[in-house]
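This report refers to the structure that appears directly beneath it.
FYI, side chains are in, hydrogens and waters are out, and symmetry mates aren't considered; it's all heavy atoms of this structure. Throughout, numbering of the chain's residues begins at 1 and tracks the sequence. These numbers were taken from a predicted model, which means no experiment stands behind them.
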Amino acid sequence: GRGRDGGRGRDGDRGRPERDDRDRRDRRDDGPVDEAEFERRLAHADEVAKGLLVQMGWEAGVTVERQGRDRILIKVDDAAADMADDGRDLVDAYQFLLNKIVNRFPPRYRINVDVAGMLEKFDAELTRRAREWCEEVLETGEEFWIEEELNPRDRRLVHIEVKLHEGIDSRSEGMGRDRRICIFPV
């Protein structure tokens, strides 16, 4: 396995990624969703999302809906648009708190937050940048480390974009806020 140095050898060389024969599919449980429990979580997410916004000083409308099989999407209206003005930090913190409070006990349903329709805009911009990073790796033949901090959802978007390009792959290394993505030729 990789040590605390983020997978680098003694000379600091990051080298080729280690591979094994494990199935790298999504690690979430793919079992059936308990619909009654999911509905309870939706109601709880609605209550917590509204309460947190009030505590944060925003009077905004909140819509809670199912997203796919086992995810919850919290949509916050334009009244809280300034929450996303300075990037995603405040929105990410709000999303983190919602996930921790609503998913205190299993089963856990991933919660995503969209403030004033900004999620689609952020996703499009990140996907565009990921495509540029992929093209750079394909042109230079050298690995590329994304040094900016990305939350797990954003890292997943980058990994998905990388999979669309032949001849390159990606991996994440590090822990928590220090987790970074490397795009590399194969």
Is it the case that the side chain of [X] and the backbone of [Y] share a donor-acceptor pair, with hydrogens and angles ignored and the cut-off at 3.5 Å?
X	Y	answer
Arg66	Gly68	yes
Tyr94	Ala49	yes
Arg171	Phe184	no
Gln95	Val113	yes

So, taking the atom named [atom1] in [X] and the one named [atom2] in [Y], what distance separates them when rounded to the nearest 0.5 Å?
X	Y	atom1	atom2	value
His159	Leu164	NE2	CG	13.5 Å
Gln67	Asp114	CD	CG	9.0 Å
Arg177	Asn151	CZ	CG	10.0 Å
Asp92	Asp154	CG	CG	6.5 Å
Asp77	Thr63	CG	OG1	7.5 Å
Cys134	Glu166	SG	CD	12.5 Å

Check whether any side-chain heavy atom of [X] lies under 4.5 Å from a side-chain heavy atom of [Y], and answer yes or no.
X	Y	answer
Arg129	Glu161	no
Arg155	Pro152	yes
Asp178	Glu149	no
Leu90	Val115	no
Glu125	Lys121	no

Taking salt bridge (charged side-chain N to carboxylate O under 4.0 Å, His left out) as the test, write out the residues that go with Arg180, two or more places apart.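 Scan of Arg180 (salt bridge (charged side-chain N to carboxylate O under 4.0 Å, His left out), adjacent residues dropped) gives none.
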Could you list the residues that satisfy salt bridge (charged side-chain N to carboxylate O under 4.0 Å, His left out) with Arg153, not counting sequence neighbours?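 So Arg153 forms a salt bridge (charged side-chain N to carboxylate O under 4.0 Å, His left out) with Asp123.
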Any side-chain donor near an acceptor of the partner, Asn99 and Arg108, under 3.5 Å: no
Under the rule for ring pair (Phe, Tyr, Trp, His ring centres under 6.0 Å), what residues qualify as partners of Phe38, not counting sequence neighbours? Tyr109
Using a strict 4.0 Å threshold on nitrogen-to-oxygen distance, state whether Glu135 and Arg131 make a salt bridge.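 A salt bridge is absent here (no side-chain N lies under 4.0 Å from a carboxylate O).
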Can you list the residues that meet the side chain to side chain donor-acceptor pair (under 3.5 Å) rule with Lys50, with sequence neighbours excluded? Asp46
Which residues share a side-chain contact (heavy atoms from CB on, under 4.5 Å) with Ile146, sequence neighbours left out: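 Trp133, Phe144, Glu148, Leu150, Val158, Ile181, Ile183.
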Just to verify, what does Glu39 make a side-chain contact (heavy atoms from CB on, under 4.5 Å) with, not counting sequence neighbours? Leu42
Candidates Leu98, Asn112, Ile111 - the one meeting side-chain contact (heavy atoms from CB on, under 4.5 Å) with Ile72: Ile111
Residue Glu120 excluded, over 12 heavy atoms near CD under 6.0 Å: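 No.
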Neighbour count >12 (heavy atoms, 6.0 Å) for atom CZ, Arg104: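 Counting neighbours around CZ of Arg104, 12 or fewer heavy atoms of other residues, nucleotides or ligands fall under 6.0 Å, so no.
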Could you report the tightest heavy-atom contact between Val102 and Ala45, atom names first, then the distance? CG2-CA, 3.7 Å
